[in-house]
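Below is one structure, written out as C-alpha cells; the observations come after it.
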Amino acid sequence: MFDTFAGKDRIDMMLRRPRRNRKNEVVRSQTRETKLSVDNLIYPLFVVDGQNHKSEVKSLPGQFRLSLDHLLREVEECMALGVNCFDLFPAVDESLKDQMGTYSYSSKNFYLKYIQAIKNRFPEALIMTDVAMDPYSSDGHDGVVRNGKIVNDETLEVLAKMSVAQAEAGADIIGPSDMMDGRVEFIREALDTAGHTDVSIMSYTAKYASAYYGPFRDALDSAPKFGDKKTYQMDPANKREALVEAELDYLEGADYMMVKPALCYLDVIHMLKEEYPIPIAAYNVSGEYAMLKAASQNGWLDYDRAMSEMLLSIKRAGADVILTYAAKEYALLCAKSAH
Ligand code: PBG
C-alpha cells in the first residue's frame, strides 16, 4: 500500500504529511475517529441503609456511600448533566449477612426499596443492579460456600431469586457479576417466567480475578473471608477463554457483554467487539480510578486529561458502554468545555 512512495526523494517531495490533518482544532475534531459521549457512561453508586448518610470511600476519593436522600439528590444532579444510567451496589450491615445471602431477595432489603424510590421519582433513569452474593454473604464470596468450595448450581437459585426481586423493584438492567456457569440462561428464564421479559441482562462475560477491585471491596466491606475468587473469576493470562464465556453468554441471551477490568484488558474488549454483534460494555474498575486519583493528588498528572484519555482509550478499543466512577466528573468536564 505504500509502494507509490518507492524511489521518491522524500526530502523534496513528502507527499504524505500526516500533520496536515492535525493543523487546527477544526480539522482535528472533523477527522477524529473516536468520540466519547456522556450517553455511553454508566455511573456506579454505593448505597447504604439509613438517612442523611454520606461517607467517602477512603480508597476512592470523590465516591461515597449514600443513603436514599443523598442518592436521590445525586441521581438528579447527574441526570441534569446527561448521565442517565446508574449501577447500584449495596453496603450491607454485617449482621444481615448469612451463608445463603438471603437478605439479597428479602422484602426488607433496603437496596430493593431504593431502586423503587429512584424509579418512582425519576422514571426515565436507567437503573442497573448487581447480581452476586458477595455483599450479602457471610463468607464474602459471590456464590454459596460448601466445605470451602464455591458451589455453582446451588448459587444459581439464589442469583435467580435476587434477579427477580430486583426486576420486581423496577431494575432495567440486571448485571450478574458472579461468574457462575450457566447463570445468564438461568436468570433469563426466571425473569421471563416472572413476566419480566423487558428487563435486560448485562453479563459480566469476561471478569478477571484482578487486584484492581481492592477499593471496591473496601467500599462494601465485601472482601472474601477466606481464599480468593480464582475458581470463578478468569485468569488474567487468558484471552481465548473469553471467547468461550462470550459464546455461552450470547447463546444464553445476554443483551450486553462486559469485560472487566478495562485498562489491562483492552485486547479482550477489542476481540469481543469484533466477534459479537451485541453491545460491549467495559468496567473501568475502582483500582483504575484510584490510581489516577492518587497520582493527581500528588500532583503527578493532570486528572481531567488523564481520565478523559483513559475513557477514550476504552471506547477506542471497542466498548460501546463504559461503567466508570468518573462518569459525573466527565459529564461536568463536557458541560464546562461547552461554555
Ligand atoms: C462483586 C463485584 C466486584 C466488583 C463489581 N461487582 C468485586 C469483586 O468481584 O470482588 C468490582 C468493581 C470495582 O472494582 O469497581 N460481585
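Numbering of ligands and ligand atoms starts at 1, following listing order. When reading the values below, keep in mind they use all heavy atoms of this one structure, side chains included, and skip hydrogens, waters and symmetry mates. Sequence positions, counted from 1, serve as the residue numbers for this chain.
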Per the under 4.0 Å non-hydrogen criterion, ligand 1 touches F89, D130, A132, D134, D142, S177, K207, Y212, Y213, F216, R217, K229, Q233, K260, Y283, V285, S286, Y325
Practice prompt. Verify ring-ring contact (aromatic ring centres under 6.0 Å, His included) between F226 and H141, making sure each step is shown before the conclusion.
Written response: CA-CA 9 Å; F226 69 89; H141 274 286; 4.8 Å; yes
*In terms of the angle between their ring planes, are F46 and Y325 parallel, tilted or perpendicular, with boundaries placed at 30° and 60°?*
parallel
Within 45 degrees of the ring normal and closer than 6.0 Å to the centroid, is that where the cationic atom of K260 sits relative to Y204?
no
Exercise for review: State whether Y265 and K207 meet the cation-pi test: NZ (Lys) or CZ (Arg) under 6.0 Å from the six-membered ring centroid, and within 45° of the perpendicular axis.
Suggested key: no
With sequence neighbours left out, the residues meeting side-chain hydrogen bond (donor to acceptor under 3.5 Å, both in side chains) with E252 are none
Practice item. Mind telling me whether Y103 and Y136 have parallel, tilted or perpendicular rings, with 30° and 60° as the class edges? Key: tilted
